[in-house]
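Values reported hereafter were calculated over all heavy atoms of this structure, with side chains retained and with hydrogens, waters and symmetry mates removed. Residue numbers start from 1 in every chain, and the chains themselves are labelled A, B, ... in the order their sequence lines are given, proteins ahead of strands. Fair warning: this is a prediction, and the values are worked out from it, not measured in the lab.
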2 protein chains.
Amino acid sequence: MRKVIVREKPTVEDVKELLEFAEKHNGMVTIFARCRVYYEGRAKSELGEGDRIIIIKPDGSFLIHQNKKREPVNWQPPGSVVRVEGNKVISIRRKPREKLEVELIESYAITVFLAEDYEELSLTGSEAEMAKLIFEKPEVIEEGFKPMFKEKPIKHGIVDILGIDREGNVVVLELKRRRADLHAVSQLKRYVDALKEEYGERVRGILVAPSLTEGARKLLEKEGLEFKKLEPPKRESRKKSKQRTLDFF
Amino acid sequence: MRKVIVREKPTVEDVKELLEFAEKHNGMVTIFARCRVYYEGRAKSELGEGDRIIIIKPDGSFLIHQNKKREPVNWQPPGSVVRVEGNKVISIRRKPREKLEVELIESYAITVFLAEDYEELSLTGSEAEMAKLIFEKPEVIEEGFKPMFKEKPIKHGIVDILGIDREGNVVVLELKRRRADLHAVSQLKRYVDALKEEYGERVRGILVAPSLTEGARKLLEKEGLEFKKLEPPKRESRKKSKQRTLDFF
DNA sequence: CTCTTAATGTCGCTA
DNA sequence: TAGCGACGTTAAGAG
């Protein structure tokens, strides 16, 4: 069977039919249309008449893209359910209850894409990999540092890394894969405060990141917290993908 | 001229040609293809062979969508520049330097959409509207509350609303349009700490939100901060759109 | 389910 | 341009 079905200048009936076809065969629907959009749920919005691309995925994800920006102007998350009523395509989410209505003024084209995809993204340079690096080479923080826990729940939150320094002080690390800001410092402060209640004053807080904003540096200093420069490491490639390539033989 | 140009089973030359055509006419390109994706920039990623929808907008936004999730698996933000090299579609961003490469294994279809859209989203139920409500009816916080500043920069951050209560205490409000969590409390705490340095102990911090998580409630209590329940208001409709409808006449 | 936090977050605003 | 914070944030992971 063909991977992509295209219908130009579809009628409302065509749209209905192809949406049903896509649902049955787990296809992705793309509609190129002049439309108006109404949304009500966590918030409420209206979008006047204009040309947009509408994508409906087999998992219920619903995207409406204007000709600018990375973000969809309106959307519905996975798990939503779509139906057609007259010239409206409606998507409903329950919990929280949200309704998205697309009023089709004129449909220029519609496609159904029977996409097969078994691959997952393999990404490197994340905060999780900074943590891994620190457990493998604790000296990147400082000589004598001993990491003990990762993602450890404490009184008010979950600390990235909890450990002990060479003098027996409790050390909390807050990791950031990019330049750390005021939020990061507040977060670290919250953990240090909570741990001081438990362990007394011998608690150190270290913000670990490639750099700091000026505001963060000032607040960090005021709060008696520390900074350690560390770049998120980037692996050479291949993580989740299966390693059975030709090299295997 | 036609709004949507469709080419099925395009060659690499077709793709190149239509991308150039789209760039010239500010069209949105959509490619339905089996592909592999490589990204390197702030992080680095690889995605093995599979069927995806690729969208390239006239502002340089670049989206690659798998058949699941609301989020693109790979992307490039507005301002990026696209080019074709052999069977690869490459998008470059400078500052930070980021490169996205899509290796087209098989293109099933490509469309160029000459989308015209002059409308902007009108949204209600935002935090900004909560602030507006509080300035119009300060009593929704408490009797005698006087809001003084909105988005006021202080020592370590920018407070949502700064005001005075009936007893002359300085009051900081931190607004959240949805259930407030630990982050919101830490943020409020940061503001209160900074203001206490300036105004002494007569500083109150109030978290204003429709609800609180358990953890947030506990921390708020421990820190001597307060909570005021308030839902973000939803207007009846029409904000940014021009009011020139039939009713006008 | 709720809670907590990361994210190539993106986006808008402001000094 | 950098800093700061909201977002209908989304998504993942743990309890």
Side-chain angles (χ1 to χ4, degrees), chain A residues 39-45 61 68-78 93 95-100 121 123-128 130-131 151-154 156-160 174-184 186-187 190-191 211-218 232 234, chain B residues 39-45 61-62 68-78 80 93 95-100 121 123-128 130-131 151 153-154 156-160 174-184 186-187 190-191 211-219 232 234:
Chain A
Y39 154 76
E40 183 154 10
R42 287 168 290 176
K44 184 177 171 184
S45 75
S61 306
K68 288 185 172 72
K69 297 287 150 72
R70 201 212 77 144
E71 290 301 301
V73 62
N74 281 110
W75 70 90
Q76 207 64 295
R93 174 195 199 183
K95 214 20 173 108
R97 182 82 183 176
E98 298 193 286
K99 184 178 188 178
L100 182 66
L121 188 72
L123 186 136
T124 181
S126 63
E127 185 189 291
M130 289 177 77
E151 301 292 315
K152 180 93 172 73
I154 60 167
H156 300 290
I158 304 165
V159 304
D160 282 336
E174 174 54 35
L175 314 183
K176 288 295 167 206
R177 66 168 307 288
R178 61 170 190 173
R179 178 177 268 248
D181 58 12
L182 286 175
H183 274 86
S186 290
Q187 199 179 347
R190 163 155 52 94
Y191 302 148
S211 64
L212 269 183
T213 66
E214 250 307 283
R217 194 192 58 71
K218 283 194 190 122
K234 288 180 193 170
Chain B
Y39 155 75
E40 183 154 9
R42 287 167 292 176
K44 183 177 171 184
S45 75
S61 306
F62 196 120
K68 289 184 173 71
K69 298 287 151 72
R70 202 211 77 146
E71 291 301 302
V73 63
N74 282 111
W75 71 91
Q76 204 69 292
S80 308
R93 173 195 199 182
K95 220 0 173 88
R97 181 82 182 173
E98 298 194 284
K99 184 178 190 179
L100 182 65
L121 189 72
L123 186 135
T124 180
S126 63
E127 187 190 288
M130 289 176 77
E151 301 291 315
I154 59 165
H156 301 289
I158 304 164
V159 304
D160 283 336
E174 173 55 36
L175 313 184
K176 288 296 166 206
R177 67 167 307 287
R178 60 169 190 174
R179 180 177 267 249
D181 57 14
L182 286 174
H183 273 86
S186 291
Q187 198 179 345
R190 164 154 53 92
Y191 302 146
S211 65
L212 269 183
T213 66
E214 249 308 284
R217 195 192 57 73
K218 283 193 189 123
L219 181 58
K234 288 181 193 169

* Asked: Is there a side-chain contact between H156(A) and S186(B), using heavy atoms and a 4.5 Å cut-off?
  -> no
* Asked: Any side-chain heavy atom of D160(A) within less than 4.5 Å of one from M130(A)?
  -> no
* Structure fact -> Sequence neighbours excluded, the answer for side chain to side chain contact (heavy atoms under 4.5 Å, CB included) partners of A180(B) is K176(B), A184(B), L207(B), A209(B), L212(B)
At 4.0 Å (heavy atoms only), tell me whether [X] reaches a base, stays on the sugar-phosphate, or touches nothing.
{"X": "G215(B)", "value": "sugar-phosphate"}
{"X": "K99(A)", "value": "nothing"}
{"X": "E174(B)", "value": "sugar-phosphate"}
{"X": "E151(A)", "value": "nothing"}
{"X": "G41(A)", "value": "nothing"}
{"X": "D181(B)", "value": "base"}

Side chain of [X] (C-beta onward), nearest among [options]:
{"X": "E127(A)", "options": "dC3(C), dA6(C), dG5(D)", "value": "dA6(C)"}
{"X": "I158(A)", "options": "dT5(C), dC1(C), dG8(D)", "value": "dT5(C)"}
{"X": "S126(A)", "options": "dG8(D), dA7(C), dG5(D)", "value": "dA7(C)"}
{"X": "R179(A)", "options": "dG3(D), dC1(C), dA7(C)", "value": "dG3(D)"}
{"X": "A43(B)", "options": "dT8(C), dG5(D), dA6(C)", "value": "dT8(C)"}
{"X": "K176(A)", "options": "dA6(C), dC7(D), dT8(C)", "value": "dA6(C)"}

How far, in whole Å, is [M] from [N] if one measures between their [atom1] atoms?
{"N": "dC7(D)", "M": "dA6(C)", "atom1": "C1'", "value": "15 Å"}
{"N": "dC4(D)", "M": "dG8(D)", "atom1": "P", "value": "23 Å"}
{"N": "dG5(D)", "M": "dA7(C)", "atom1": "C1'", "value": "16 Å"}
{"N": "dA11(D)", "M": "dC11(C)", "atom1": "P", "value": "16 Å"}

* Taking the nucleotide of DNA chain C with the closest heavy atom to each, which residue, V73(B) or R190(A), is nearer the 5' end? -> R190(A)
* List the protein contact pattern of nucleotides 9-15 of chain C with one symbol per nucleotide (5' to 3'): B for base contact, S for sugar-phosphate-only contact, - for none; contact means a heavy-atom distance under 4.0 Å. => SBSS---
Separation of atom [atom1] in [X] from atom [atom2] in [N], rounded to whole Å:
{"X": "K152(A)", "N": "dG13(D)", "atom1": "NZ", "atom2": "C1'", "result": "16 Å"}
{"X": "K234(A)", "N": "dT8(C)", "atom1": "NZ", "atom2": "P", "result": "12 Å"}
{"X": "L123(A)", "N": "dA6(C)", "atom1": "CG", "atom2": "C1'", "result": "12 Å"}
{"X": "H183(B)", "N": "dT9(D)", "atom1": "NE2", "atom2": "C1'", "result": "13 Å"}
{"X": "H156(B)", "N": "dG3(D)", "atom1": "NE2", "atom2": "P", "result": "16 Å"}
{"X": "R217(A)", "N": "dC4(D)", "atom1": "CZ", "atom2": "P", "result": "12 Å"}
{"X": "M130(A)", "N": "dT5(C)", "atom1": "CE", "atom2": "P", "result": "17 Å"}
{"X": "L212(B)", "N": "dT2(C)", "atom1": "CG", "atom2": "C1'", "result": "14 Å"}

Looking at residues at least two apart in the chain, or sitting in another chain, which of them share a salt bridge (charged side-chain N to carboxylate O under 4.0 Å, His left out) with [X]?
{"X": "K218(B)", "answer": "E214(B)"}
{"X": "R179(A)", "answer": "none"}
{"X": "K152(A)", "answer": "none"}
{"X": "E98(B)", "answer": "R42(B), R93(B)"}

* Nearest-0.5 Å distance that lies between atom NZ in K234(A) and atom NZ in K44(B) -> 8.0 Å
* Toward the 5' end of DNA chain D, by each residue's nearest nucleotide, N74(A) or A216(A) -> A216(A)
Considering just the side-chain nitrogens and oxygens of [X], establish if one lies under 4.0 Å of OP1 or OP2 belonging to [N].
{"X": "T213(B)", "N": "dT4(C)", "result": "yes"}
{"X": "Y191(B)", "N": "dC4(D)", "result": "no"}
{"X": "Q187(A)", "N": "dA6(C)", "result": "yes"}

* Can you name the closest pair of heavy atoms from L121(B) and V73(A) and give their distance? -> CD2-O, 3.7 Å
